[in-house]
Amino acid sequence: MSRNLPVNPDRIAEDIDALAGITEPGHPWTRRAFSPLFLEGRAYIEARMRAAGLETRIDAAGNLIGKRRGAIDGLGTIMLGSHSDTVPDGGRFDGIAGVVAALEVARALSDRGIALDHDLEIVDFLAEEVSIFGVSCIGSRGMTGQMPEAWLSRVTDGRDLAEAIAEVGGRPGVLQQQSRPDIAGFLELHIEQGPVLENEKKDIGIVTAIAGITRIEIIVEGRADHAGTTPMDSRSDALVAAAQLVLDIRNAAAAHAKTPGHFAATVGEFRIEPNAANVVPSKVVLLIDGRAEVRNDMEAFCEWLDEHVIKLAIAYGVSIKSPMRVSDNRPTPSDPGLLKTLERACETVGAKHRRMASGAGHDMAWIAKVAPAAMIFVPCREGRSHSADEWADNDDIALGAAVLFEAVIDMDKSLKQENA
């Protein structure tokens with residue numbers, strides 16, 4: 001990299017490579033939350049935090065935190081971080097790049113003898129990925145008092161989530177009382193997990209919002225009949241109707257995706273009954289995963305879907321129950337002031353940037369509900385993620401860390417002025 005950056009790319013590469021080496025044999029790169037390998041990875045990160053002069057602790061939600069004290073007590077905390085847990089077979093950079101980049105910012109500040117007025121915390125959030133307990137973003141929800149209490153009773157492999165949080169050093173008994181009013185601002189670096197930055201040859205994506213996620217279940221019911229003897233024009237085939245519905249959903253989503261805000265909809269689950277070669281399908285259950293940056297886009301899509309299934313049922317001689325929203329999370333916008341801070345930081349380091357939404361969920365979405373928050377994306381090869389083929393160039397990650405570095409210095413000054 002020809003740029004003269006305030007961060008050390010070699011240290012970033014060293015840490016990412018070291019964590020990549022802590023993985024299940026034959027399953028690169030796998031360190032699932034609550035596993036022994038996850039704890040081994042955390043031990044490495046904590047050692048590196050301490051080597052950087054940070055005070056380390058595990059908070060009540062099981063988050064690993066490294067703290068660099070500011071010059072003025074009580075001014076508030078600038079927080080950086082992401083997660084070190086992975087999905088199975090695919091987590092070399094997802095989350096890890098953000099944790100290491102945040103740690104590098106703390107090291108670079110010390111290298112340059114820069115004392116911040118605010119406290120700085122580097123956070124490895126617990127279980128951002130869907131965990132063995134079937135839930136995600138445990139650490140960021142728990143840190144801010146947003147984790148449903150019922151989750152603590154979820155059981156897998158003979159232990160409940162409360163026990164698992166305690167095993168990593170958390171205190172599940174006090175999670176419902178957690179709050180962090182001291183967070184003055186939060187920033188997260190993450191690989192894009194999509195191809196936009198690479199295709200447009202941009203260095204940095206400045207994330208305007210985390211898209212809301214709406215999951216919708218649809219049940220199509222027909223009539224089971226003998227596949228060999230029932231005339232083609234006398235069938236009530238649930239699968240044929242469902243197949244048409246899948247195509248129509250795809251086309252409707254493509255039309256919504258042409259609007260200014262990010263939109264996507266996918267039929268990711270599909271179950272057929274009785275699932276026998278010689279029986280006309282009698283029932284299909286499908287689940288739509290919809291993602292929208294603009295809430296009105298999701299509402300419009302759902303209204304179209306409600307009306308469309310009625311027409312489709314008549315056309316194909318089947319019964320389609322009204323689509324049911326299984327879950328419905330609204331979009332989470334980034335803080336407008338921090339977006340401008342990140343744009344200034346990009347200009348300072350000479351990074352080509354663009355604004356864009358995140359179609360995936362991140363810890364930032366939960367911190368943003370209680371404090372100013374934003375995030376940046378760095379490119380990843382071919383947009384691949386949640387795969388062993390996931391790759392991000394170290395120079396790109398280092399440039400992202402440099403953006404964070406400049407943003408933190410900017411935040412330290414501007415936030416102090418706001419509170420003066």
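What you are looking at is a predicted structure, and each value in this text was computed from that prediction instead of being measured.
Checking Asp363 against His83 by side-chain atom types alone, no donor-acceptor pair falls below 3.5 Å. A donor-acceptor contact under 3.5 angstrom links the side chains of Ser385 and Gln193, judged on distance only. Side-chain atoms of His262 and Glu293 form no donor-acceptor pair, as typed in the model, at a separation below 3.5 Å. Between the side chains of Asp297 and Thr259, at least one donor N or O lies within less than 3.5 Å of an accepting N or O.
What you find for Asp124 and Arg42 is that their closest heavy atoms are O-NH2, 2.7 Å. Between Leu103 and Ala52, the closest heavy-atom pair is CD1-CB, 4.2 Å. Of all heavy-atom pairs between Phe377 and Glu192, the closest is CG-CA, 3.7 Å. Across every non-hydrogen atom of Ala374 and Leu339, the tightest pair is CB-CD2, 4.3 Å.
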Next on the checklist: Could you walk me through whether Ser82 and Val99 satisfy the side chain to side chain contact (heavy atoms under 4.5 Å, CB included) test, starting with their C-alpha distance in whole Å, then the side-chain angles of each, then the deciding distance to 0.1 Å, before giving a yes or no?
Outcome noted: CA-CA 5 Å; Ser82 194; Val99 174; 4.1 Å; yes
Next on the checklist: If you apply the rule side chain to side chain donor-acceptor pair (under 3.5 Å), what do you find for Ser110 with Arg107, and how did you get there?
Outcome noted: CA-CA 5 Å; Ser110 295; Arg107 293 186 292 221; over 6 Å; no
Checklist entry - When you look at Thr56 and Glu46, which way does the side chain to side chain donor-acceptor pair (under 3.5 Å) test go after all the steps? => result CA-CA 7 Å; Thr56 63; Glu46 183 173 17; 2.9 Å; yes
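Salt-bridge check for Arg154 with Asp160: failed, with every basic side-chain N at 4.0 Å or more from each acidic carboxylate O.
For the atom pair Gln176 CD and Gln178 CD, the distance stands at 9.5 Å (nearest 0.5 Å).
Taking the six-membered ring for Trp and the full ring otherwise, the centers of Phe93 and Trp391 sit less than 6.0 Å from each other.
Screening Thr23, Asp389, Asp17 against Arg92 for a side-chain hydrogen bond (donor to acceptor under 3.5 Å, both in side chains) leaves a single residue, Asp17. Checking Asp85, Ile132, Leu37 one by one against Arg32, the side-chain contact (heavy atoms from CB on, under 4.5 Å) holds for a single residue, Ile132.
Relative orientation of the His256 and Phe263 rings is tilted, given thresholds of 30° and 60° on the angle between their planes. Between Phe38 and Phe34, the ring planes lie tilted relative to each other; the angle falls in the 30° to 60° range.
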